[in-house]
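Written below as structure tokens is the structure these notes are about.
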2 protein chains.
Amino acid sequence: MKEKLTERQKMILSLVVHDYIRTATPVGSKKLVEQFRLDMSSATVRAELAVLTELGLLQQPHTSGGRYPTENGYRYFVGSLMKLQELPEDRRRMIEHQFYQMQSDQGVEGWMKLSASILASLSGAISLVSAPYSRFLALRHIALISLSDRQALLIVVTNSGQAQQRFVALDEPMTQPQLTAIENEMNALFAELNSFQIREKLAVSDAFRRSALKSELTDHVVAAMSDVEATRSGEIYTDGLRNVIGEPEFTETGEARGALKLLDEKTALRSILTRPNADQKIGGIQVLIGGEGSIADLHHCSLVLARYGKSNAIGGTIGILGPMRMRYARNIPTVRFIAGILSDLVSEAFADMKTGTKNGEESPIIINE
Amino acid sequence: MKEKLTERQKMILSLVVHDYIRTATPVGSKKLVEQFRLDMSSATVRAELAVLTELGLLQQPHTSGGRYPTENGYRYFVGSLMKLQELPEDRRRMIEHQFYQMQSDQGVEGWMKLSASILASLSGAISLVSAPYSRFLALRHIALISLSDRQALLIVVTNSGQAQQRFVALDEPMTQPQLTAIENEMNALFAELNSFQIREKLAVSDAFRRSALKSELTDHVVAAMSDVEATRSGEIYTDGLRNVIGEPEFTETGEARGALKLLDEKTALRSILTRPNADQKIGGIQVLIGGEGSIADLHHCSLVLARYGKSNAIGGTIGILGPMRMRYARNIPTVRFIAGILSDLVSEAFADMKTGTKNGEESPIIINE
DNA sequence: CGTTAGCACTCAATGCGAAAGAGTGCTAAT
DNA sequence: ATTAGCACTCTTTCGCATTGAGTGCTAACG
């Protein structure tokens with residue numbers, strides 16, 4: 001990948017990528033010259049194409065079928081050639097408007113849905129958004145709500161803003177005031193602890209056993225916390241299926257067909273969103289071209305991912321999943337922009353300290369690894 | 001649709017439906033005779049097929065291309081011919097086990113997801129599950145949780161078990177004890193009211209204005225309630241996309257392609273799940289064959305829907321969406337069974353009075369209106 | 001009378017070869 | 001170094017004949 005290409009070779013590679021992204025058809029020398037009014041003959045272009053093919057940046061479906069980028073071709077393009085197309089100012093303002101309009105309204109869930117929706121419609125791909133989660137997950141608050149005399153609703157809120165609710169069957173009837181008392185007691189005891197620490201605190205002494213604290217209730221608290229901790233990245237939101245249906249890659253025997261299965265399997269999605277960028281900086285963009293065998297079904301797809309949030313403390317991942325043949329130059333700024341907004345929102349919402357990468361800032365783009 | 005068919009005609013129609021469901025290929029007279037070892041010649045079958053075609057129950061793609069059911073053919077089949085195949089006892093037990101295992105754990109959300117998952121895998125179609133909602137929605141409990149000195153999380157729980165959470169920016173710093181005080185006050189005032197009643201109560205007197213109740217908070221309570229009321233049927237869960245990808249109807253130019261778009265647009269799904277069966281009895285199954293123009297994209301699909309819950313008080317809709325060519329005889333009992341379980345669970349969870357259709361019971365099947 | 005065997009007919013699907021078209025690599029001239 | 005020209009390689013497409021499943025009709029049969 002260290003090969004030095006001539007300026008002309010770079011330009012031609014760029015043109016091939018652009019044209020292929022637009023048409024999804026292998027592109028030949030003659031078409032290139034005509035299409036882009038090149039100041040040279042098709043034979044010259046052919047020679048250059050041959051070189052690029054030799055270098056493994058282009059490939060041909062068969063001996064005389066035009067050329068299109070290889071995975072490495074895309075990587076080179078994204079890494080060295082591409083000129084990012086920033087979102088036009090009015091677009092940005094429109095998006096920001098939408099976010100700030102609903103900001104305090106719908107809570108985290110609202111942000112996630114809005115992000116997924118905007119990302120999908122702007123990118124023409126499938127959007128993936130993971131709800132924010134904290135590295136240092138801790139219980140923030142417990143609420144106990146009487147549903148009937150033997151049924152209560154337990155709500156556990158974590159410092160990541162996630163709320164787990166579960167129904168609890170009570171061994172003996174309890175009124176709301178009784179529950180509230182327990183609620184207060186538990187809040188005092190368990191606040192700012194994680195499930196492990198809570199369990200420890202419970203084990204250390206039986207004092208709590210004898211108190212008003214029902215073990216049936218504490219068990220549920222521990223379980224709820226564990227749940228949140230286990231599914232780390234919280235809920236995953238997707239949108240934009242409609243965009244991708246119809247793209248040739250996804251059609252019938254299309255190679256990317258398998259990718260659609262993924263949308264069903266949130267666990268797989270989750271592993272995509274959580275794993276690769278574990279140690280990635282906020283605001284940095286990660287581009288995964290060709291799935292890298294990590295997920296077999298993604299062989300002909302690309303991912304553009306970004307982390308958002310307060311560095312290391314709380315955050316999540318957003319991104320888009322589309323055909324390898326996607327408009328990186330437009331999509332990368334889009335993803336980055338939305339990630340920036342989410343960072344701001346998260347910082348604001350969970351703020352003691354205000355951090356978060358500011359929108360405009362440049363940040364590195366990491367390609368496959 | 002009142003036409004009296006001979007027993008033989010009924011049988012032949014049945015066979016055609018079955019075979020077509022299995023093979024997705026138009027079926028001819030000869031194949032029928034061989035396949036099912038019929039005690040007559042192909043010519044006889046041909047004559048009967050001609051009659052059925054005449055009656056509009058079968059159709060042929062072209063003059064000599066075999067026959068397959070029309071929408072009316074399916075409707076007649078489902079309405080009069082089909083023998084329901086109840087789920088085998090061990091299956092039932094397995095499913096029930098899964099539900100009761102998680103029952104009190106994950107709350108409503110868990111049930112919904114499990115229902116969607118089971119329904120999808122058992123039916124081989126797309127499952128649609130709407131969270132329960134109450135006809136007489138009322139606020140059950142408010143929780144106010146301090147996130148930082150100027151940020152709080154407001155959780156509004158309704159009597160349908162839905163929890164709306166939203167972030168609230170506080171005009172002036174407040175501590176958790178202060179918030180708890182307000183929480184108690186609001187709970188006392190607003191419990192068992194709907195958004196309209198709350199608004200009324202607020203308007204009637206300014207007493208509240210002067211009290212510790214911040215209008216910024218009460219506004220949010222009203223807004224949260226309105227939100228829940230507006231989106232009535234609550235969240236919609238779907239699963240089983242993987243099943244339907246690959247079915248010929250959904251492939252490439254497939255006629256049912258548009259149906260996939262629906263999965264993206266929850267609003268459309270919602271209208272499907274809420275509208276048609278508004279006045280349907282709990283436990284009754286509604287089969288919609290061919291979309292009925294209600295949703296244009298569903299022209300070549302069928303829906304099997306059932307309401308669950310406590311009659312009129314609280315409940316939701318579940319169902320499956322698949323190709324018209326679906327295994328009704330198996331799917332209908334499946335949908336009914338899951339609806340039964342959900343009815344039980346909902347009755348239990350929101351019980352004062354215990355109702356709900358018991359699983360085994362027979363209940364009417366309504367076909368297209 | 002209902003049933004069946006037989007037959008001519010229809011029409012999508014299949015297969016094959018010729019022609020077209022797009023693109024390449026090579027070579028020789030500029 | 002660039003380019004024009006040309007032979008070559010493939011896929012795509014079209015036409016055309018073939019196949020085969022399925023039909024509708026009719027005449028014979030029990």
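The analysis underlying the following values was restricted to heavy atoms, covering all of them including side chains, and did not include hydrogens, waters or symmetry mates. In the text below, chain A, chain B and the rest are named by the order of the sequence lines, each starting its count at 1.
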With respect to the side chain of [X], which nucleotide from [options] is positioned closest?
X	options	result
His62(B)	dC11(C), dG23(C), dG24(D)	dC11(C)
Ser41(B)	dT23(D), dT24(C), dT4(C)	dT4(C)
Thr44(A)	dT3(C), dG25(C), dT2(D)	dT2(D)
Lys31(A)	dG23(C), dG25(C), dG6(C)	dG23(C)

So does Lys31(B) pair up with Glu34(B), basic N to acidic O under 4.0 Å? no
With a 6.0 Å cut-off (strictly less than), is the heavy-atom count around CZ of Arg327(A), excluding the residue itself, greater than 12? no
Euclidean distance, atom [atom1] of residue [X] to atom [atom2] of [N] [Å, nearest integer]:
X	N	atom1	atom2	value
Arg46(A)	dT24(C)	CZ	C1'	6 Å
Ile12(B)	dG2(C)	CD1	C1'	14 Å
Gln59(B)	dT23(D)	CD	C1'	16 Å
Leu52(A)	dT24(C)	CG	C1'	15 Å
Gln60(A)	dG23(C)	CD	C1'	9 Å
Arg8(B)	dT3(C)	CZ	P	4 Å
Lys30(A)	dG5(D)	NZ	C1'	12 Å
Tyr68(B)	dG22(D)	OH	C1'	15 Å

May I ask you to decide if the ring planes of Tyr74(B) and Tyr328(B) are parallel, tilted or perpendicular, using 30° and 60° as cut-offs? tilted
With DNA chain D as reference, determine whether Gly65(B) or Ala43(B) sits nearer its 5' end, using the nearest nucleotide of each. Gly65(B)
Under 4.5 Å between any side-chain heavy atoms of Leu52(B) and Leu5(B), yes or no? yes
For the base of dT10(C), is there a side-chain donor-acceptor partner from Thr63(B) under 3.5 Å away? no
Could a donor-acceptor pair under 3.5 angstrom be found where the side chain of Ser64(B) meets the base of dT23(D)? no
To the nearest 0.5 Å, what is the distance between OG1 on Thr317(B) and CD1 on Ile236(B)? 8.5 Å
Measuring to OP1 and OP2 of dA22(C), would you say a side-chain N or O of Arg67(A) lies under 4.0 angstrom away? no
Return whichever of Ala50(A) or Ser42(B) has its heavy-atom-nearest nucleotide of DNA chain C closer to the 5' end. Ser42(B)
